[in-house]
Each structure stands twice: as C-alpha cells, then as structure tokens.
Amino acid sequence: MTERIPVMKPWFGPEEAEAAAAAVASGWVAQGPRVAEFEAAFAARIGVADAVAVSSCTTALHLALIGAGVGPGDEVVVPSFSFIATANAVRYVGARPVFADVDAATGNLTAETVDAVRTAATRAVVLVDQGGVPADLDAVRELCDPLGIVVVEDAACGAGSLLRGRPVGAGAAFATYSFHPRKLLTCGEGGMVTVDRPEVGARLRRLREHGMSVSAADRDAADRGGAAPVIETYDELGFNYRMTDVQAAIALVQLGRLDAMVARRRELAARYRTLLAGVAGLRLVGDPAYGETNFQACWVLLDEDFPYGRDELLGKLSAAGISGRRGIMAAHLEPAYADTKHVPLPVTERLTRDSLILPLFHEMTEAQQDRVVAELVAAAGGPAAGTAAAMAEAGA
Ligand SMILES: *Cc1c(COP(=O)(O)O)cnc(C)c1O
C-alpha cells in the first residue's frame with residue numbers, strides 16, 4: 001500500500017520543539033516576552049510600523065475592523081469567495097457584509113468589482129489575498145482612499161507573497177495574517193494584525209487584552225523592578241485574543257523558515273505547471289502581472305467539459321491515496337448567509353464549483369508529485385474503456 005499524500009503538512013524541525021520547551025521551562029507560558037519578540041520580528045519582515053499578535057486571523061480581522069471604525073449600520077465589501085471568517089468578522093462588529101465578485105484569474109476582488117457594489121454606506125473593504133495570490137491593493141486603494149473607505153487586507157494566506165516587490169500587507173492601513181497549519185507559517189493557532197501607525201497598534205494591543213491600560217507583562221516588569229504597583233484601568237470594551245509565548249516561540253522559528261518555504265512551494269508549483277502543461281481542461285493558478293504568490297493554495301480550475309466533475313475527480317484522487325480539497329468556498333452559498341442580498345456572482349460560483357486544491361507541502365517529493373500528476377493525466381483522458389465509470393457514461 002502506497003502512503004497517502006496529504007494536501008498540506010507543516011514543515012517543522014527539532015528547533016520548534018526546542019523553542020516551545022524553552023518557553024515552558026521559563027515559566028512564562030501566556031503572552032509575554034516571546035510574543036513581543038515575534039511581533040517585532042514580523043513587523044520588520046513585512047516592513048510595517050507595528051504588528052500585534054493575536055489568537056487567530058479571525059480575531060485579527062475583528063480587531064482590524066474595530067480599528068477601522070466599522071460598526072452597526074456600516075456596509076463592508078467582501079468577497080464571498082473566501083473562507084467564511086472574512087464575512088463573519090464584519091458581522092461581529094454589527095456591520096453588513098456586501099459581497100462583490102472576483103477576478104477569474106486571481107480569485108480576488110478588483111477595483112472594478114468593488115466599485116460595482118459600493119454605496120454611500122460603505123465604510124470598509126476587506127481585500128483578500130486568496131490562497132496567497134496577491135490582490136491589487138494599490139488599485140483598490142486608488143478607488144477607496146478618496147472616498148474615505150478603509151481597505152483592510154485579509155492576508156491570512158499571504159505571508160511571503162509579494163505585491164510589486166513588497167511583502168503583501170505592507171501597503172495597507174490594516175493587514176491580518178493566520179498561523180493555522182493550512183497556511184505556510186504555523187504555530188498551531190495564531191494570528192497577527194499589522195498597522196501603518198504605532199498609535200493604532202497600541203490601541204489594538206489593549207483591545208486584545210480585555211481593554212486593559214497596562215499589560216500583564218508590563219505590570220510584572222514593574223513588580224520585578226521594585227516599582228510601586230501599577231493599577232490598570234479598562235477604558236473600552238476589550239477581548240481576550242492573546243497569543244501565548246509557547247505559540248510565539250514556535251512562530252519565531254517558523255518566521256526564519258518563511259523564505260525557504262516560499263521558495264520550495266514556488267519550485268513545486270512550477271513543476272506542476274510543467275508536468276500539467278499538455279493536459280487538456282486544467283488551468284493552474286499562477287502569479288498575477290503585478291506580484292508573486294506563495295502558492296499557499298495550489299488550485300486548478302477544471303474546464304466545463306473536463307471528463308469528470310470536480311467532486312468526482314476528488315473521489316478518484318482519494319481512491320488513489322491522494323488528499324485534494326475542494327477549491328475556495330463561497331460564503332453566499334452557505335446557510336449562515338442565506339438571507340444576505342447580493343449582486344450576481346457568476347465568477348465566484350464558477351470558481352467555487354469547478355476548482356480543487358492540489359497537494360503541495362514543503363517536504364513533498366517529486367515521486368509524490370508524479371503520482372498526483374499521473375492521476376490528473378489519466379482523468380483528463382476520460383474514463384478508460386471497460387471501467388465502471390465508462391460503462392456508466394455509456395449508459396450500460
Ligand atoms: C484561514 C483564513 C482565515 C481564518 O484564519 P484563522 O487563523 O483560522 O482564524 C481568514 N481569512 C482567510 C482568507 C483565510 O484563508
């Protein structure tokens with residue numbers, strides 16, 4: 001029996017385990033010095049004024065929308081073509097998500113699709129770098145900035161991707177990142193908000209810790225210094241969205257691996273492109289003209305006349321010991337959004353129906369990749385004569 005090929009697998013060495021063990025041995029396991037160190041390293045890596053570590057990208061989006069001043073009565077333009085957390089975060093602040101369609105090549109909102117749905121009530125746009133493919137933040141800001149619409153970049157998948165040569169998120173007032181194992185850099189669970197102004201970062205840092213005026217770590221430092229006890233105040237409604245020092249210890253090691261992760265993913269994706277070039281009916285996602293993807297999701301779109309439907313093809317891969325995944329979901333098709341009015345979303349519906357995510361992970365071997373390609377090549381040729389699928393197709 002050949003070994004099953006996973007769709008994604010984190011790349012860890014012994015260093016992550018050692019760093020986590022050191023955090024535990026230090027006795028400081030909650031948010032503390034390692035979180036502060038990770039924030040500084042991440043801000044430097046992206047090239048932003050400040051970075052605030054939180055428990056997930058979902059909580060990062062919630063804080064970013066509060067920071068952007070979004071509240072009840074506001075509309076926020078989002079892609080339906082995204083993980084559901086993007087739209088959910090808008091509802092957490094009492095605002096209304098307004099779905100816009102996406103570009104067929106990138107899977108991302110564009111200035112045109114945003115412009116088509118904005119109204120006088122539009123307060124913000126959540127621009128997603130879907131699957132790591134950079135969205136054109138510059139073009140969307142050119143539309144939104146003069147209108148006073150804040151653009152929050154959901155770069156959950158985008159750490160290591162580039163927009164016009166800069167890390168994605170670097171040009172946004174707010175950008176959010178995920179450190180879930182389905183993304184490149186992971187520490188189990190975790191997230192980050194990057195901001196372009198230090199005073200905004202300071203406010204988000206308080207909001208992630210119950211709205212406390214002085215952090216627990218700073219109070220501890222004052223105690224140790226023998227200073228008079230610092231009595232904190234709670235000046236606005238906050239949350240517990242903290243990251244732990246155990247997570248930050250792992251994330252710091254992972255951040256050091258980010259360039260190698262992106263390089264390897266781009267190498268494997270290029271190999272997929274070469275091997276699948278002659279296969280009819282498949283289109284592999286790639287770089288837009290203005291940037292580079294980290295291939296967090298290496299997805300293919302099936303032509304409408306591909307011999308198998310997407311779910312059938314996933315079934316064939318699974319039977320061959322290969323874990324694929326359906327492509328990106330569409331929030332407007334889910335029961336939680338059944339009541340949401342929206343414009344027609346033809347590109348979203350086509351992409352979500354006919355795309356699938358291929359296995360791609362740092363330690364994937366060429367032999368594993370060849371097995372995936374062989375199944376896709378066989379499927380593109382149609383059901384082989386005499387098989388159950390061919391007989392079913394012939395009406396036998
Ligand atoms: C994964 C993902 C999220 C949620 O990230 P978590 O860290 O799991 O909360 C949000 N938005 C997008 C686009 C994602 O892909």
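Just so you know, ligand 1 is whichever comes first in the structure, and atom 1 is the first atom listed for that ligand.
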*Asks:* Which residue in the set Val77, Asn88, Val78, Val76 passes side chain to side chain contact (heavy atoms under 4.5 Å, CB included) when paired with Pro97?
*Replies:* Val78
*Asks:* Look only at interatomic distance and state if Cys57 has a nitrogen or oxygen under 3.5 Å from any nitrogen or oxygen of ligand 1.
*Replies:* yes
*Asks:* How about Glu189 and Ser55: does a side-chain donor come under 3.5 Å of a side-chain acceptor?
*Replies:* no
*Asks:* Could you check whether the rings of Phe179 and Phe42 sit parallel, tilted or perpendicular, using 30° and 60° as the cut-offs?
*Replies:* perpendicular
*Asks:* So, for Arg34 and Ala249, which heavy atoms are closest and what is the spacing to 0.1 Å?
*Replies:*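 Scanning both residues, the minimum pair turns out to be CD-CB, 3.7 Å.
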*Asks:* Do the non-hydrogen side-chain atoms of Asp129 and Thr293 ever get within less than 4.5 Å of each other?
*Replies:* no
*Asks:* Whether Arg91 engages the ring of Tyr337 as a cation-pi pair (distance to the six-membered ring centre under 6.0 angstrom, angle to the ring normal within 45°) should be assessed.
*Replies:* yes
*Asks:* Please state which protein non-hydrogen atom is closest to atom 12 (C) of ligand 1 and give its distance, to 0.1 Å?
*Replies:* Ala156 CB, 3.4 Å
*Asks:* Under 3.5 Å, is there a donor-acceptor pair linking the side chains of Gln31 and Arg208?
*Replies:* yes
*Asks:* Looking only at protein heavy atoms, identify the closest one to atom 11 (N) of ligand 1 and say how far it is in Å.
*Replies:*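 Minimum-distance protein heavy atom for atom 11 (N) of ligand 1 reads Asp154 OD2, 2.8 Å.
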*Asks:* Under 4.0 Å from a heavy atom of Ser56: which atoms of ligand 1 are those, numbered in the order shown and with their elements?
*Replies:* 7 (O), 9 (O)
*Asks:* Mark yes or no: Lys316 above the aromatic ring of Tyr308, with NZ or CZ under 6.0 Å from the six-membered ring centre and no more than 45 degrees from the axis.
*Replies:*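 Yes; both conditions hold, so Lys316 lies above the ring face of Tyr308.
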*Asks:* Under 4.0 Å from any heavy atom of Cys157, which atoms of ligand 1 are there?
*Replies:* 15 (O)
*Asks:* Give the residue, atom name and distance (to 0.1 Å) of the protein heavy atom nearest atom 7 (O) of ligand 1.
*Replies:*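 Closest protein heavy atom to atom 7 (O) of ligand 1: Ser178 OG, 2.7 Å.
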*Asks:* Using non-hydrogen atoms of the residue, decide whether Ser82 is closer than 4.0 angstrom to ligand 1.
*Replies:*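 So Ser82 counts as touching ligand 1.
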*Asks:* Counting only heavy atoms closer than 4.0 Å, does ligand 1 sit against the backbone of Arg182, its side chain, both, or neither?
*Replies:*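 The answer is neither.
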*Asks:* For ligand 1, which atoms, with element, lie under 4.0 Å from some heavy atom of Val128?
*Replies:*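 Listed by number with element: 13 (C).
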*Asks:* Report yes if some N/O of Thr58 lies less than 3.5 Å from some N/O of ligand 1; otherwise report no.
*Replies:*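 The answer is yes, given that Thr58 and ligand 1 share an N or O pair closer than 3.5 Å.
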*Asks:* Regarding ligand 1, does Lys183 bring an N or O atom to under 3.5 Å of one of the ligand's N or O atoms?
*Replies:*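 For ligand 1, there is an N or O atom that lies under 3.5 Å from one belonging to Lys183.
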*Asks:* Which atoms of ligand 1 are found less than 4.0 Å from any heavy atom of Thr86?
*Replies:*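 Listed by number with element: 11 (N), 13 (C).
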*Asks:* Side chain of Arg325, backbone of Leu314: donor and acceptor closer than 3.5 Å?
*Replies:*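 Not confirmed, Arg325 side chain does not pair with Leu314 backbone.
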*Asks:* I'd like to check whether Gln130 has a polar contact with ligand 1, where a contact means an N/O of the residue lying under 3.5 Å from an N/O of the ligand.
*Replies:*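 In fact, backbone or side chain, Gln130 has no N or O that close.
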*Asks:* So, does Gln296 sit close enough to ligand 1 that a heavy atom of it is under 4.0 Å from the ligand?
*Replies:* no
